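Here the structure is a predicted model, which means the values were calculated and not measured. Whatever order the structure lists ligands and atoms in, that order sets their numbers, starting from 1.
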Amino acid sequence: MPKPVIITCAPTGGVHTPTMSPHLPITPAEIADASLGAAEAGAAIIHLHARNPETGRPDPRPELFAEFMKPIADGSDAVMNVSTGGGLGMTREERLRAAVATSPEMASLNVGSLNFGLFPMAAKYDDWQHDWEPEFLEMTRDFIFKNTFADLEYIVKELGQGHGTRFEFECYDLGHLYNLAWLIDQGWLEPPYFVQMVFGILGGVGADLDNLVHLHTIADRLFGDSYEWSVLAAGKHQMSFATQAAMLGGNLRVGMEDSLYLGPGQLTPSNAAQVTKIRGIVESLGLQVATPAEARERLGLKGADRVTV
Ligand code: KMH
Ligand code: ZN
């Protein structure tokens, strides 16, 4: 029997900006509603970022996370996964603040440095809601998303060993799988490892099915049966890559962090709509969707009762 598919939903992220969609969750109340809707639709894991409620800019303040994590915990049993990627341009300390404050079951860990080019999106809009939006996107023309070995060691020790938090290892290219293997070799991590393969970021590996198959082959070789794998693809590739991951026996991530669309040219009205769509595809393939309890067991999570909300 194939394993049930673990759906992660990332409802807002730090990539898109408010001008791009009127449906992008911004305030803590909106992020809480979006998360609860996604959980209700079938997401077992919710990958969380915060935004400034007035401007929509990615914001590291733990008090903002607390404002949506409490209602999510009260209203669902979904696993909360706190981003340590934050918003491009934040310091390492800023990126870690919310996870250190909340001690979550899961946190993202970006397993290598890369160019992270958002600037092509700036050309698509000319009537911005906020001045920071085009500046933020243009800044990425000369920006490296820094995740050095020192950063990785720091985060793994601080959050993993310090808080019992387990990681969504975000791998944007083949070398990142080897970076993760190196971290494991140091004895700093315990299996199972949850590898999130990321396709279609300008600076990372392209959204090409051959790449997905190759990364999966190499991950199998490096991590054997000690890992669970999941796939996300940015923009128009989101649904097709999520579908391909499910067909190949993997897990998947959707959400407005990675795509604002439900179909070609159609802005998604909500995160729940994306989860509902991919759930329908998964079930039509004869596969089941994992519950949060199943995800917790398979990923070896410490339990929602050990999160500070
Ligand atoms: N939007 C993803 C491609 C993080 O939060 O740590 C990047 C991401 C990073 O999810
Ligand atoms: Zn994220």
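Atom 10 (O) of ligand 1 has its closest protein heavy atom at Glu257 OE2, 2.7 Å. Looking at atom 5 (O) of ligand 1, its nearest protein heavy atom turns out to be Ser83 OG, 2.6 Å. Of the protein's non-hydrogen atoms, Ser108 OG, 2.6 Å is the one closest to atom 6 (O) of ligand 1. Scanning the protein for heavy atoms near atom 7 (C) of ligand 1, the closest one is Tyr172 OH, 3.1 Å.
Side-chain contact between His163 and Val100 is present, with heavy atoms from C-beta onward closer than 4.5 Å. You'll find the side chain of Tyr261 stays beyond 4.5 Å of the side chain of Thr268, heavy atoms only. The side-chain heavy atoms of Glu294 and Ile6, taken from C-beta on, include no pair separated by under 4.5 Å.
Counting backbone and side-chain atoms alike, Glu170 contributes no N/O/S atom closer than 2.8 Å to the Zn ion (ligand 2).
A donor-acceptor contact closer than 3.5 angstrom is absent between the side chains of Glu168 and Ser108.
The Zn ion (ligand 2) lies closest to atom OE2 when only the N/O/S atoms of Glu257 are considered.
A 6.0 Å sphere centred on CD of Gln129 holds more than 12 heavy atoms belonging to other residues, nucleotides or ligands.
A salt bridge links Glu228 to Lys3: one of the charged nitrogens lies within less than 4.0 Å of a carboxylate oxygen. Between Glu138 and Arg141 a salt bridge is recorded (basic side-chain N to carboxylate O distance below 4.0 Å). Ion pair Arg253/Glu170 flagged as a salt bridge, since at least one NZ, NE, NH1 or NH2 atom sits closer than 4.0 Å to an Asp/Glu carboxylate oxygen. In summary, Asp151 and Arg92 engage in a salt bridge, as defined by a charged side-chain N under 4.0 Å from a carboxylate O.
In summary, the atoms of ligand 1 found under 4.0 Å from a heavy atom of Asp258, numbered by their order in the structure, are 1 (N), 2 (C), 3 (C). Shown in contact with Val198 at under 4.0 Å from a heavy atom are these atoms of ligand 1, numbered in order with element: 3 (C). Ligand-side atoms of ligand 1 in range of His49: 5 (O), range being under 4.0 angstrom from any heavy atom.
With a 4.0 Å cut-off on non-hydrogen atoms, Arg253 touches ligand 1 through its side chain and not its backbone. With a 4.0 Å heavy-atom cut-off, ligand 1 is reached by no atom of Leu109.
The shortest separation from a heavy atom of Arg95 to ligand 1 is not under 4.0 Å, leaving the residue out of contact.
Angle subtended at the Zn ion (ligand 2) by His49 NE2 and His47 NE2: 100°, rounded to 10 degrees.
Considering backbone and side-chain N/O of Gly86, none are found under 3.5 Å from N/O of ligand 1.
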